[in-house]
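Below: the structure, in structure tokens.
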Amino acid sequence: MGAFPLALGAPAILLGLLALPVIWWLLRATPPRPVRESFPPLKILAQILKKEETPDRSPWWLTLLRLVLAALVILALAEPVWNPRAETLSGKEPVAIVLDNGWSSNEEWTARKETAERLIADANASGALIYILGTAEKLNADVGPFDAATALERLRALNVRPIPVNRSAAFDRLKAVLANVKGVRVAYLNDGVDTPQAATAIKSMEGSGIASVIWYQPSIAALSAIRQVENNANGLTVHAVRSDDSRASGGITIGAYDEKGRRIAETGLVFRANEATGEAVITAPYELRNDFHSLRIDNAPHAGATFLVDDNNKRRRVALLSGSEADQSQPLLSPLYYISRALEPFADLLRPRNAELIKAIPELLEQKPSVIIMADIGKLPGETEQAMVDWVAKGGTLIRFAGPRLAGNSEHDPLLPVNLRKGERSLGGALSWKESQPVAAFPDTGPFAGLPTPHDVTVNRQVLAEPAIDLFEKSWANLADGTPLVTGETRGRGQLVLFHVTPEATWSNLPISGSFVDMLHRIVTLSRNTGPSPQDNGAGASRAFPPYLTLNAEGALTPPGADAKPLVLKPGETGTVSFDNPPGFYGVEDSMTALNLFKPDSGIKPLVRPELAIPVTTARYAVDESVPLRGPLFGLAALLLALDALAILWLGGHLRRRFKTVTAASLAILLIPAILAFGPSPAHAQQNDSKPGDQTILDAVNATHLAYIITGDRAVDDISKAGLFGLSRALADSTALEPGEPIGVNPETDELAFFPLIYWPVDPAAKMPSQAAIAKIDAYMQQGGTVLFDTRDQDAAAISFDNSSTPANARLRDILSGMNIPALEPVPNDHVLTKAFYILQDFPGRFRGSQLWVQASQAPEANKDRPVRVGDGVSPIMITGNDLAGAWAVNASGAPLLPTIPNDPDQRVLAYRAGINIVMYMLTGNYKSDQVHVPDLLKRLAN
């Protein structure tokens, strides 16, 4: 209908509007029934006058009402649609719907599926056969042809895969299926990200029986991913990439998570204008960096935003080489003895089987070590020296120790971080003017930053570096006189490190100190693994790593699916993501290999629509915004019909007192169609029979009651009530408190001041509380009440990396965002809660593992005169995820309703004790901390 956003499914029905004049005439000819009134004094006249009387005409407003009602019915039968969508497909030719369902499709997957559903509806209207194909599915997946119902089922079964799309295989599969089908129309719903061979795959549609193409392509300007991390001396460098067509500057936030999914560090990364790559450094201590298990871009729900950090960053293979043979009778004098003792706890040590360096070094390089340590080795043979230089440039770390051989080498050595003076410097001897030198404090900018200064270490002999402009920058550790003790330099992707003393305790007592272990540990930790080691059955043998955890479409780690297969790797390979090997961790718990979606050289390039010889139509993804008006028009007509009935009853004089009941029932029956037409879709909220009324509030004043928030989910509310009932029984059995029946409350309408503790089971499926309810809860906490929030998601969070990304935690953040929440901390070991009634170490519920968070109290030094840590009062908020009510819940006979996980009777006992401690803490506050003052108080009273 032109630019007017209204369409009619049956416009011929509008011809019925021509009957409105006839309806008007009929209504005028049949006026309503006249009102009969009795007037006894004129009864005799009524018997005399027998002339029949009728009203002249019906009221104009009643006639108008009926005309409007008839017009509404006619319009409703014409099936009007507001804001109708344009029909994309027409004709009976077959339709092939190709969807990119790779990793980058997750953010717009809903719009993509709705677009495909509209295409299926158009094809169904014309009776066309439908083919459905995902470009990240198995190659043998059924493509069709399908009817509309089967195509919808197939479409709804398609999910986003955390892998790249395989357009070449997908279009080859499509061409094979359509080999004998002509005039096919292809709708390509792509993700906008280019892949290798994409242009060739798309152009292959020419000449294959495909008649036309509808091209859907989204914008990927906001798409970003992590492609590489580097554990350097000063921090963890994160390399991120975004779309090549992004022109404006922008920033992202990257969080680092440990093995349990806890966020332990973060950094901001800025993309400069017209640049597709960026990098940022997470400046955290190396011990903390060793705990990094994954990195994730905030607010980016796709697999490319997660980068997995495997065990290669935690344990290294270290090769040991020495310039002299070890004396078996005196092992303490062996050049590698103290190095081996220092590295064995956290590194795999490799030793050559051949003493000749020209054979030993290639042998060690084949085993892909992260670090090679050479003790007092001078000049290497030419072939091995170049092999070592190449190994360092590719990421290896070479650590060298001085000695007589290195001090006597006068040639330039490319495997040293600094140029050395020939000979050695002697300190503290009879022929020396200087005494032995202590070690100075480690520089704040070097890899040893943060290590304590080894005041007990002295050096009496060393090799000296030639003066140079960059010598200060290369000095990682110095002596008190400023001469270097350890120097280092970055070469390519690797590092060269030199200890200017021997590895045995002849030139210095450093090797027998604890600082030596810390320094070696720090250097080895900062190195990078150069590849998996070969198996014992020979170099080049493959090794299979079973899937351990894999990424899902949102970038979260989950148990592997049935389609995941072992990852087979040869030495030096890192693996490629595929349908059989999605990104994730492969191996076993003690040794895992990370398979990431992006490689160090990966990029995000926009997909360019190729020029095709067949017609191509560009379309856009859009949600269907059409609104059928048939239902609302019928509902409005039903309402007018009800008004008409009321008018007839009124004009007929039937709305008298004795007919009120019948009239009300008739009105209710007549209004049912209008209510069904205009009312919301059926969604029946569960009513809880324990909602407090006036009598319940009066009872609450006379006894202590535990309360819980009514979520509207009957199952959740029943468990909350049963849990607090079980806790109340435990309190009555163990303490002097005898609580009344638990009471469910609605924070928006009920008074909360009667309850010392309110248990809130956070249900992500429940309706979000209103601002008024949140404000009321906030005021309740500010005035002395305590709310125990229980997300009940510890079991679900245990298999996820991001504990804070569970739906319950997200809902809790939304609730707390509108409140004045104090600083929180896990319950300290010396908190009153741990000693309020029972002595407790943790607060388990149905699950175990989630900490109980309370208001942060004073620092321990502020409470040195008290046996426990306290604050000014009771914490107004507590947060846990252990499902306390699930552990407390019992039936009427006292039997538990739900098992604990793990199923341990002692855990339920501890859960009850945790609940008793919480209630005692609520009622008595910090009285336990004040017991230390009892003697002083008694003494004052006696005086």
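All figures in this text were calculated on a predicted structure; none of them were measured in a lab. The basis for the numbers below is simple: all heavy atoms, side chains too, and nothing from hydrogens, waters or symmetry mates. The chain is numbered in sequence order, starting from 1.
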| request: Using a strict cut-off of less than 4.0 Å between a Lys/Arg side-chain nitrogen and an Asp/Glu carboxylate oxygen, indicate whether Arg400 and Asp413 qualify as a salt bridge. | output: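 Between Asp413 and Arg400 there is a salt bridge, with a charged N closer than 4.0 Å to a carboxylate O.
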What is the minimum heavy-atom distance between [X] and [Y], and which atoms define it?
| X | Y | answer |
| --- | --- | --- |
| Ala465 | Leu471 | CB-CD1, 3.8 Å |
| Ala240 | Ile252 | CB-CD1, 4.2 Å |
| Gln462 | Pro484 | NE2-O, 3.2 Å |
| Ile372 | Pro369 | CG1-CG, 4.0 Å |
| Ala402 | Asp376 | O-CB, 4.0 Å |
| Val517 | Ala342 | CG2-CB, 3.8 Å |

| message | Run the side chain to side chain contact (heavy atoms under 4.5 Å, CB included) test against Ala360 and tell me which residues pass, sequence neighbours left out. | response |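 With sequence neighbours excluded, Ala360 shows a side chain to side chain contact (heavy atoms under 4.5 Å, CB included) to Leu321, Pro352, given in chain and number order.
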| side chain to side chain contact (heavy atoms under 4.5 Å, CB included) partners for Ser508, two or more places apart |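 For Ser508, the residues satisfying side chain to side chain contact (heavy atoms under 4.5 Å, CB included) (neighbours in sequence not counted) are Val457, Val459, Val501, Leu510.
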| message | Does Gln841, at its CD atom, have more than 12 non-hydrogen atoms belonging to other residues, nucleotides or ligands within less than 6.0 Å? | response |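 Not buried by this count: 12 neighbours or fewer within 6.0 Å.
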Does [X] reach the side chain of [Y], with side-chain heavy atoms less than 4.5 Å apart?
| X | Y | answer |
| --- | --- | --- |
| Leu595 | Leu567 | yes |
| Leu498 | Leu406 | yes |
| Ile264 | Phe292 | yes |
| Leu320 | Leu350 | no |
| Pro583 | Ile163 | yes |
| Val463 | Trp507 | yes |
| Ile373 | Leu343 | yes |
| Glu466 | Val418 | no |

Judged by atom type as modelled, is there a donor-acceptor pair below 3.5 Å linking the side chain of [X] to the main-chain atoms of [Y]?
| X | Y | value |
| --- | --- | --- |
| Arg317 | Lys368 | yes |
| Asn552 | Gly555 | yes |
| His302 | Ala305 | yes |
| Arg227 | Lys599 | no |
| Asn596 | Leu308 | yes |
| Arg242 | Glu275 | yes |
| Asn509 | Thr458 | yes |
| Lys422 | Ala407 | no |
| Thr267 | Ile282 | no |
| Asp310 | Thr593 | no |

Side chain to side chain donor-acceptor pair (under 3.5 Å) involving [X] - partner list, sequence neighbours excluded:
| X | value |
| --- | --- |
| Asp842 | Arg848 |
| Ser340 | Arg351 |
| Ser224 | none |
| Thr277 | none |

Applying salt bridge (Lys or Arg N to Asp or Glu O under 4.0 Å), can you list everything that pairs with [X], at least two apart in sequence or on another chain?
| X | answer |
| --- | --- |
| Glu385 | Lys379 |
| Arg341 | none |
| Asp601 | none |
| Glu266 | Arg263 |

Roughly how far, to the nearest 0.5 Å, is the [atom2] atom of [Y] from the [atom1] atom of [X]?
| X | Y | atom1 | atom2 | value |
| --- | --- | --- | --- | --- |
| Phe401 | Ile339 | CZ | CD1 | 4.0 Å |
| Ile469 | Lys474 | CD1 | NZ | 11.0 Å |
| Leu416 | Thr487 | CG | OG1 | 8.0 Å |
| Gln386 | Trp391 | CD | CH2 | 14.5 Å |
| Gln495 | Thr397 | CD | OG1 | 5.0 Å |
| Ile399 | Leu496 | CD1 | CG | 10.5 Å |

| message | Going by ring-ring contact (aromatic ring centres under 6.0 Å, His included), name the residues that satisfy it together with Tyr586, two or more places apart in sequence or in a different chain. | response |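 Expected list: none.
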| query | Do Ser578 and Asp580 have side-chain N/O donor and acceptor atoms under 3.5 Å apart? | reply |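 The answer is no; no qualifying pair exists.
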Please output the side-chain donor-acceptor pairs of residues 448-456 that fall under 3.5 Å, not counting sequence neighbours, one pair per line with the distance.
none

| message | Measuring centre to centre across the rings, with the benzene-like ring taken for any Trp, is Phe499 within less than 6.0 Å of Trp476? | response |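 No, the ring centres sit 6.0 Å or more apart.
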| message | I'd like to know whether Ser294 forms a side-chain contact (heavy atoms from CB on, under 4.5 Å) with Arg296, so could you lay out the CA-CA distance, the side-chain angles of the two residues, the decisive distance to 0.1 Å, and finally the verdict. | response | CA-CA 7 Å; Ser294 68; Arg296 188 173 305 147; 4.1 Å; yes
| message | One pair to check against side-chain contact (heavy atoms from CB on, under 4.5 Å): Thr576 and Asn581. What are the steps and the verdict? | response | CA-CA 8 Å; Thr576 302; Asn581 297 126; over 6 Å; no
| request: Output, in order, the C-alpha distance, side-chain angles, deciding distance and verdict of side-chain contact (heavy atoms from CB on, under 4.5 Å) for Ile254 and Val238. | output: CA-CA 9 Å; Ile254 301 174; Val238 184; 3.7 Å; yes
| How far apart are the C-alpha atoms of His293 and Phe585, what are their side-chain angles, what is the distance that settles it, and do they pass the ring pair (Phe, Tyr, Trp, His ring centres under 6.0 Å) test? | CA-CA 10 Å; His293 207 55; Phe585 285 114; 4.6 Å; yes
| query | side-chain contact (heavy atoms from CB on, under 4.5 Å) between Leu420 and Leu464: does it pass, once the steps are laid out? | reply | CA-CA 6 Å; Leu420 299 179; Leu464 291 175; over 6 Å; no
